[in-house]
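Comments concern the structure below.
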Amino acid sequence: MTEEKKLSCAARLWLLFFTFARIAALVVGGGLAMLPVIEEAFSVKKKLLTKDEILDMVTLTQTVPGIIAANSAVYIGMKIAGFMGALCALAGAIFPSFTVIVIIAWLFPELSPDNRFYLGAFAGVRAGVTGLIIVTACKMAKKGIKGVVEAVMAVIFLLAALFKIHPALIIISGMIYGIIYTSIIKRRLAPAVNGGEKC
């Protein structure tokens, strides 16, 4: 029996709100930086989602319009507790950011851009966020690249990104490649595989 089935509806809703509020409050750098923490909380510790579902979430949240953190909250909330779960997870993801932004906007005129503590803090945060994003990219590569074809396409899309081709074009190209690969190439390979098994 999974952790999800052991929890009551109210407990699942509170878990979603509290977990996303904690993640949003403590993780700086946006949705990509949040992904390793989301995986740790919902896949490794609570066993509410599988690693494949987390990978699907990463792909989906970066493909559809919107903020990655909010999209992730809605996806996970729906998976775990339906529509109310999506609302609670989204509220948890938004609340800390909203509160902090209001405070910063209130205090911003008093902050000096030359303050060494202010500059040092943000330099450290940028370095930490870069590390989190690299970890996320490595995990996605390990789970998503399962063969030579996927590896070649990943390199092609990486080069496209380095040459500053618009991300939307890369995503659309990836979709088209995926459709062609699964609907045509795999069908052609199936008879050969089946024939080999009969021999």
Does any N or O in the side chain of R12 come within less than 3.5 Å of the main-chain N or O of I80, such that one atom is a donor and the other an acceptor?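 Such a contact is found between R12 side chain and I80 backbone.
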With hydrophobic residues grouped by side-chain heavy-atom distances under 4.5 Å, do F157 and F163 end up in a single group?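 No: no chain of side-chain contacts under 4.5 Å links F157 to F163.
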For [X], all residues meeting side-chain contact (heavy atoms from CB on, under 4.5 Å), sequence neighbours excluded:
X	answer
A161	I170
L90	A70, V74, I94
A154	I145
L158	L162

Any pair counted as ring pair (Phe, Tyr, Trp, His ring centres under 6.0 Å), so long as it reaches residues 34-74, sequence neighbours left out: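 Only F20-F42 qualify under ring pair (Phe, Tyr, Trp, His ring centres under 6.0 Å).
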Which pairs, with at least one residue in residues 52-91 and sequence neighbours excluded, count as a ring pair (Phe, Tyr, Trp, His ring centres under 6.0 Å)?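 Residue pairs passing ring pair (Phe, Tyr, Trp, His ring centres under 6.0 Å), neighbours aside: none found.
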Close side-chain approach of I38 and S72, heavy atoms under 4.5 Å: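 Answer yes - side chains close enough.
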Criterion side chain to side chain contact (heavy atoms under 4.5 Å, CB included) on T19 and I76, from CA distance to verdict: CA-CA 11 Å; T19 302; I76 291 175; over 6 Å; no
Fellow cluster residues of W14, listed by chain then number, with links counted only when side-chain atoms sit under 4.5 Å apart: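 Members besides W14, by chain and number: F17, F18.
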Nearest 0.5 angstrom please: S43 OG to E53 CD, how far?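 Spacing of OG (S43) from CD (E53) equals 8.5 Å.
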Apply ring pair (Phe, Tyr, Trp, His ring centres under 6.0 Å) to F95 and list each qualifying residue two or more places apart in sequence or on a separate chain.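 Per chain and number, F95 pairs via ring pair (Phe, Tyr, Trp, His ring centres under 6.0 Å) with no residue.
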[X] versus [Y], closest heavy-atom pair with distance:
X	Y	value
A24	G92	CB-O, 4.2 Å
A81	L13	CB-CD2, 3.9 Å
A89	A73	CB-O, 3.2 Å

E40: what forms a salt bridge (Lys or Arg N to Asp or Glu O under 4.0 Å) with it, not counting sequence neighbours?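 E40: no salt bridge (Lys or Arg N to Asp or Glu O under 4.0 Å) contacts found.
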